[in-house]
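Only one structure is covered here, and it is reproduced in the block below.
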Amino acid sequence: MNMMEIASALLAALLGAVLGGTLTWRVVGVRAKARHARLVAAAREQLTASTQNLRAVNARLQAELEKERTAAQQRQMAFAAEQRSSVTRLEGQLRFAYAEIDRLNAGTRGPGAAPSDGVTDGSGFALTRPFER
């Protein structure tokens, strides 16, 4: 083997390596693009499924929230009605107590005395003395 044949062999080997590398690079690139496309499609499908799932959960939670708001409003209305009923009942008891006080005061002042308003003794000052039993 002479120098020319060695150089030709080296050049052919180098050229074969470059062509083989280029071909390998293209095959690997095509496979990588196909894998990338599959991964992107899978990710998009997963994103779509997750989005639909989250929308369903959001709709369910919105319905529960609206239900809870309605229930809270009903509880507030029931509590307000109970408070009004309680106030009305206490006002009735207070009126009865003032009427009893007036009756007892009329007994001590005499039958012809004018009834008081139950809050003052006629002098304009509030009653602060306890009543004797």
Applying side chain to side chain contact (heavy atoms under 4.5 Å, CB included) to E66 and not counting sequence neighbours gives R69, T70
Please test L90 against L94 for side-chain contact (heavy atoms from CB on, under 4.5 Å), starting from the C-alpha separation and ending with a verdict. CA-CA 6 Å; L90 290 174; L94 186 60; over 6 Å; no
Sequence neighbours excluded, the answer for side chain to side chain contact (heavy atoms under 4.5 Å, CB included) partners of V30 is none
One should read off an interatomic distance between N105 CG and Y98 OH, to the nearest 0.5 angstrom, of 12.0 Å
Problem - Test log, rule salt bridge (Lys or Arg N to Asp or Glu O under 4.0 Å), inputs R103 and E100 - result: CA-CA 5 Å; R103 187 185 65 76; E100 186 66 18; 2.3 Å; yes
Does the side chain of T22 reach to within under 4.5 Å of the side chain of W25, using non-hydrogen atoms?
no
Neighbour count above 12 (heavy atom, 6.0 Å) for Q93 CD
yes
Notebook entry, point to check: Do L10 and I6 come within less than 4.5 Å of each other through their side chains, counting heavy atoms only?
Noted result: yes
Sorted by chain and residue number, the side chain to side chain contact (heavy atoms under 4.5 Å, CB included) partners of V57 (sequence neighbours excluded) come out as N53, R60, L61
Donor-acceptor pairs under 3.5 Å, side chain of residues 71-83 to any protein atom, not counting sequence neighbours: which ones?
residue: R75; atom: NH2; partner: E68; partner atom: OE2; Å: 3.2

Taken to the nearest 0.5 Å, the spacing of Q46 CD from L39 CG works out to 11.0 Å
Atom CZ of R55: over 12 foreign heavy atoms under 6.0 Å: no
Rounded to the nearest 0.5 Å, the CG atom of L15 sits from the OG atom of S8 at a distance of 11.5 Å
Besides V28, the hydrophobic cluster formed by Ile, Leu, Val, Met, Phe, Trp and Tyr side chains linked at under 4.5 Å, directly or via other members, contains none
Across all chains, not counting sequence neighbours, the side chain to side chain contact (heavy atoms under 4.5 Å, CB included) partners of L14 are none
